[in-house]
Undergrad: 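Here's a structure for you.
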There are 2 protein chains.
Amino acid sequence: MKQYNIPVEATLDVIGGKWKVVILCHLIDNGTKRTGELKRLIPEITQKMLTQQLRELEDDGIIERRVYNQVPPKVEYSLTEYGWSLEKILTSLCTWGEEHIAQTGDGLKKDPIES
Amino acid sequence: MKQYNIPVEATLDVIGGKWKVVILCHLIDNGTKRTGELKRLIPEITQKMLTQQLRELEDDGIIERRVYNQVPPKVEYSLTEYGWSLEKILTSLCTWGEEHIAQTGDGLKKDPIES
DNA sequence: CAGAATCCCTAATGATACTG
DNA sequence: CAGTATCATTAGGGATTCTG
């Protein structure tokens with residue numbers, strides 16, 4: 001049992017990881033992504049960090065990991081019902097980022113991937 | 001000019017600091033807090049981190065720093081208009097934390113401060 | 001009271017190689 | 001393809017001291 005000084009710390013505990021929000025925002029698109037897709041969508045992330053962040057999200061019940069027993073391996077990650085309860089937060093974060101970019105000199109990198 | 005892979009990274013750039021969301025959630029209460037108040041509301045934070053996070057939020061135009069020229073010094077921090085554009089995000093984060101705490105074994109620390 | 005400046009160290013992250 | 005294990009690195013952050 002964890003103890004917080006303020007409720008929002010509980011939220012940060014769950015989505016505060018360095019890449020978690022980014023991962024979740026990608027998953028929110030259609031709700032499901034393969035490991036390799038996430039890796040390509042998040043070029044700077046390392047294999048290690050991707051796996052680690054995914055594990056933690058899984059442990060917190062935010063995402064589900066589905067393994068297809070085949071060769072080569074196929075693993076899909078998707079939001080759980082509990083994970084979808086973050087939808088409002090995630091979309092707000094995304095929207096704010098878009099508006100912020102629109103208002104500042106910041107921008108988006110040239111998408112290195114075609115779809 | 002910063003370049004992001006996905007818009008939400010811009011948001012994380014601004015509020016992704018270790019204590020920023022917590023600080024902002026406190027400021028959202030009534031919009032203004034003195035340095036010492038924040039320090040007491042966030043017991044685990046160090047002087048250094050508090051100042052550092054406040055500076056970054058100030059640099060990003062999220063909060064405003066008002067210095068009263070007196071001895072002993074008095075400094076107040078408040079959300080700027082731009083900072084208030086984060087309100088929806090911040091309240092969502094807080095609410096989710098409350099619900100998460102209600103549904104798990106987690107809880108809040110005994111408030112060490114009266115009022 | 002608010003905060004700047006040090007020193008210092010751990011924990012978080014990266015890089016690489018290996019496995020089923 | 002997905003993931004583990006290991007080693008190396010660093011920077012984020014803590015403790016302390018000092019100042020107006």
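Since this is a predicted model, take the numbers as computed values, not measurements. A, B, ... follow the sequence lines: proteins, then strands. Residue 1 opens every chain.
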Undergrad: When the distance from CH2 of A:Trp19 to P of C:dG14 is rounded to whole Å, what number comes out?
TA: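 So the two atoms are 6 Å apart, to the nearest Å.
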
Undergrad: With a 4.5 Å cut-off on side-chain heavy atoms, are B:Thr32 and B:Leu27 touching?
TA: no

Undergrad: Could you run through nucleotides 15-20 of chain D and give me one letter per nucleotide, 5' to 3': B if any protein heavy atom sits under 4.0 Å from the base, S if only the sugar-phosphate is that close, - if neither?
TA: B----B

Undergrad: On DNA chain C, does the nearest nucleotide to A:Ile45 precede the nearest nucleotide to B:Arg34 from the 5' side, or the other way round? Give the residue.
TA: B:Arg34

Undergrad: Taking all non-hydrogen atoms of both residues into account, name the closest pair between A:Gly31 and A:Trp84 and its distance.
TA: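 It is CA-CZ2, 4.1 Å.
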
Undergrad: Got more than 12 heavy atoms from elsewhere within 6.0 Å of CD, B:Gln70?
TA: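 Counting other residues, nucleotides and ligands, CD of B:Gln70 exceeds 12 neighbours.
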
Undergrad: Roughly how bent is the helix from C:dC1-D:dG20 to C:dG20-D:dC1 end to end, in steps of 10 degrees, with each end axis from five pairs?
TA: 50°

Undergrad: B:Glu56 CD to C:dG3 P: how many Å, rounded?
TA: 15 Å

Undergrad: Under the criterion salt bridge (charged side-chain N to carboxylate O under 4.0 Å, His left out), I'd like the reasoning laid out for A:Glu44 against A:Lys39: C-alpha separation, chi angles, the key distance, then a yes or no.
TA: CA-CA 8 Å; A:Glu44 275 84 12; A:Lys39 184 73 190 64; over 6 Å; no

Undergrad: Closest to the A:Thr51 side chain: C:dA2, D:dG13, D:dG3?
TA: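 Selected nucleotide: D:dG3.
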
Undergrad: Taking CG from A:Leu50 and P from C:dA12, how many angstroms apart are they, rounded to a whole number?
TA: 18 Å

Undergrad: I need the CD1-P distance between B:Ile63 and C:dA2, as an integer number of Å.
TA: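 It is 14 Å, rounded to the nearest whole Å.
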
Undergrad: Check the phosphate of D:dA2 against A:Arg65, side-chain N and O only, distance under 4.0 Å to OP1 or OP2. Yes or no?
TA: no

Undergrad: Heavy atoms under 4.0 Å, any strand shown: does A:Lys18 hit a base, just sugar-phosphate, or nothing?
TA: sugar-phosphate

Undergrad: Any side-chain heavy-atom pair from B:His100 and A:Tyr82 closer than 4.5 angstrom?
TA: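 They are in contact (side-chain heavy atoms under 4.5 Å apart), so the answer is yes.
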
Undergrad: Determine whether B:Ile6 and A:Leu108 fall in the same hydrophobic cluster, where Ile, Leu, Val, Met, Phe, Trp and Tyr are linked whenever their side-chain heavy atoms lie under 4.5 Å apart.
TA: no

Undergrad: Any idea which heavy atoms bring A:Leu79 and A:Ile63 closest together, and the distance?
TA: CD2-CG2, 4.1 Å

Undergrad: What closest approach, in Å, do A:Lys20 and A:Val14 show between heavy atoms, and which atom pair accounts for it?
TA: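 Here A:Lys20 and A:Val14 meet closest at CD-O, 3.2 Å.
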
Undergrad: For A:Tyr68, which of A:Arg34, A:Lys74, A:Glu76 qualifies under side-chain hydrogen bond (donor to acceptor under 3.5 Å, both in side chains)?
TA: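 The single option meeting the side-chain hydrogen bond (donor to acceptor under 3.5 Å, both in side chains) with A:Tyr68 is A:Glu76.
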
Undergrad: Hey, does A:Tyr77 reach any base, or is it just sugar-phosphate, or nothing, if we go heavy atoms under 4.0 Å?
TA: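 Answer is sugar-phosphate: A:Tyr77 comes under 4.0 Å of backbone atoms only.
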
